[in-house]
**Student:** 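A single structure is presented below for examination.
Convention: sequence-line order gives letters A, B, ...; per-chain numbering from 1.
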2 protein chains.
Amino acid sequence: MINKPIPEIVVGRLPQYLRSLQRMAREGRQVTSSQELGERLGISAAQIRKDLSQFGEFGKQGTGYNIPFLIEQIQKILHIHHDWDIAVVGAGDIGSAVARYKGFTDRGFMSGSSLTTIPLRSVRRWESLWCTTMRKSSKLSDNRHPGCYDRRTRLVRQEVADRLVEAGVKAILSYAPISLNVPQGVRVQYIDPSLHLQRMTYYLC
Amino acid sequence: MINKPIPEIVVGRLPQYLRSLQRMAREGRQVTSSQELGERLGISAAQIRKDLSQFGEFGKQGTGYNIPFLIEQIQKILHIHHDWDIAVVGAGDIGSAVARYKGFTDRGFMSGSSLTTIPLRSVRRWESLWCTTMRKSSKLSDNRHPGCYDRRTRLVRQEVADRLVEAGVKAILSYAPISLNVPQGVRVQYIDPSLHLQRMTYYLC
DNA sequence: TAGATTGTTAATCGATTAACAATC
DNA sequence: TAGATTGTTAATCGATTAACAATC
């Protein structure tokens, strides 16, 4: 029997579940149901149960889900039961804002000294970037660099990505409005506010 | 015969097509094909043709798509053939970075004076916010506020959203990690970097 | 026991792809 | 005409929902 891979769309919903559950926990709640969670998120209860059941049996019939327990389970599934290091590439407006962002705490990233900031000036001296990234990574928890951010012209950005990949970075979150080419096994996610806005203007007149 | 509404997922891809086309145009290209566009975006050619055909016939058999023409058409579909005003709510790290962001230019937003920045201090005096938003909006192009950004505690953020809705804002792009409740007819999109990162850590070990 | 809610199956719904006639 | 690529249809694939036995 072959284990089917979990659909990406399911994996993508887990962080949303987690965020809601963490808020409930902060509100002092102990248990919830697929129905309540669904209402908070605008997702059907059936879908939440289906999604969770792909990873195990986390609930109790008649009772629902224990919130702290489910949080822990989802954190393990997402591999964020320990913190990941982040290198923020670029120290301009966006890079600086991200580096100062408080929202990573308790969400699997950047506790204490695990944040590296690399100004673009030094990024452009390739060897130096390479060294910086590697050194930091072995100092902290080897090979862990889920996030990286960058802006600038297209060519530079692709080259930055190339160097990061060479340095062992396995996941890149890019704020730059271009599609990066990365080898198999490296993950990229994009954040482009214009794209979000344009998705909404369609419905406005 | 009833016009089926366009699936949201299709609308969501149009901005991606547009971004690629605009890059091609900047590279001096005149025509492209669904195949080339698909390769650039990692989307099948069939899907691109299917998506575009929902809105009209923009291509020529044997030739492909005229890039400037297709750009114009997609801009019209997305209602970004003219610029929209934006109010950036919050003048902290993120708000400031967004207000200085150069990436909105040529993408339908914030040309010249159409950007309003509202520091959170004044947002919290509700009447004052309400007045500010309305005044600015009538000064510029009435009732057009596709984007708005905000951070802070949960309650404040929901109240900010409420006031913006009252003031006639029809679309909100929120950088805050909470789900906003808005009435029917108001669009909300979210940007939460932690969610993107968590989506990737699942695949890392 | 009665009430509630899970995990799971089967049915439905929707999105993607393959294929090809039309035509530039 | 020959080659290429569209727009569209039908077939495939995958995701969501409804329903319910299991069980707390």
**Student:** When the distance from CZ of A:F55 to P of C:dT6 is rounded to whole Å, what number comes out?
**Tutor:**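 Going from CZ in A:F55 over to P in C:dT6 covers 17 Å.
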**Student:** For D:dT5, does either OP1 or OP2 sit under 4.0 Å from a side-chain N or O belonging to B:T63?
**Tutor:**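 It does not, given that no N or O in the side chain of B:T63 lies less than 4.0 Å from OP1 or OP2 of D:dT5.
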**Student:** Watson-Crick or G-U wobble partner for C:dC20, using a 3.5 Å limit on both distances?
**Tutor:**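 C:dC20 is paired with D:dG7.
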**Student:** Between B:R13 and C:dT16, does any side-chain N or O lie under 4.0 Å from OP1 or OP2?
**Tutor:**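 Answer is yes, contact under 4.0 Å.
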**Student:** Taking the basic N atoms (NZ, or NE/NH1/NH2) and the acidic carboxylate oxygens, is any pair closer than 4.0 Å for A:E57 and A:R49?
**Tutor:**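 Between A:R49 and A:E57 there is no salt bridge, as every charged N stays at least 4.0 Å from the carboxylate O atoms.
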**Student:** Tell me: CG of B:L52 to C1' of D:dT8, nearest whole Å?
**Tutor:**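 About 14 Å, once rounded to whole Å.
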**Student:** I want to confirm an ordering. Mapping B:S34 and B:K50 to their closest nucleotides on DNA chain D, which one lands closer to the 5' end?
**Tutor:**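 Nearest nucleotide further toward 5': that of B:S34.
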**Student:** Grab the CD1-P distance between A:I48 and D:dA15 for me, whole Å please.
**Tutor:**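 The answer, rounded to whole Å, is 17 Å.
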**Student:** A:D51 CG to D:dT17 P: how many Å, rounded?
**Tutor:**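 It is 10 Å, rounded to the nearest whole Å.
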**Student:** Which nucleotide sits closest to the side chain of B:Q61: D:dG7, C:dT6, D:dT5?
**Tutor:**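 Side chain of B:Q61 sits closest to D:dT5.
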**Student:** Taking A:D192 first and then A:R199, would you say they form a salt bridge - that is, a charged N and a carboxylate O separated by under 4.0 Å?
**Tutor:**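 Here A:D192 does not pair with A:R199 in a salt bridge, since their nearest N and O are not under 4.0 Å apart.
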**Student:** How many whole angstroms separate atom CD1 of A:I9 from atom C1' of C:dA15?
**Tutor:**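 From A:I9 CD1 to C:dA15 C1': 11 Å.
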**Student:** Rounded to whole angstroms, how far apart are CD on B:E57 and P on D:dT6?
**Tutor:**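 After rounding, the reported distance stands at 12 Å.
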**Student:** With a 4.0 Å cutoff (strictly under), does any side-chain N or O of A:R49 reach OP1 or OP2 of C:dG7?
**Tutor:**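 A:R49 to C:dG7 OP1/OP2: no side-chain N or O under 4.0 Å.
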**Student:** Tell me whether the side-chain N/O atoms of A:Y65 come closer than 4.0 Å to OP1 or OP2 in C:dG7.
**Tutor:**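 True: A:Y65 side-chain N/O within range (under 4.0 Å) of C:dG7 OP1/OP2.
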**Student:** So with a 6.0 Å cut-off around CD of B:Q35, is the heavy-atom count from everything else above 12?
**Tutor:**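 Atom CD in B:Q35 is not packed in, count stays at 12 or less.
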**Student:** Among C:dA15, D:dT6, D:dT17, which nucleotide sits nearest the side chain of A:A46?
**Tutor:**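 That would be D:dT17.
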**Student:** Looking at A:E8 and A:R13, is any side-chain nitrogen of the basic one under 4.0 Å from a carboxylate oxygen of the acidic one?
**Tutor:**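 No, this pair does not count.
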**Student:** Should the pair B:E27-B:R40 be classified as a salt bridge under the 4.0 Å nitrogen-to-oxygen rule?
**Tutor:**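 Answer for the salt bridge query: yes.
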**Student:** Rounding to a whole Å, what distance do you find between A:K4:NZ and C:dT9:P?
**Tutor:**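 Atom NZ in A:K4 sits about 10 Å away from atom P in C:dT9.
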**Student:** Rounded to the nearest Å, what distance is computed from the CG atom of residue B:L70 to the P atom of nucleotide D:dG7?
**Tutor:**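 After rounding, the gap between these two atoms is 9 Å.
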**Student:** So what's D:dT12 paired with, Watson-Crick or G-U wobble, going by both distances under 3.5 Å?
**Tutor:**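 D:dT12 is paired, partner C:dA15.
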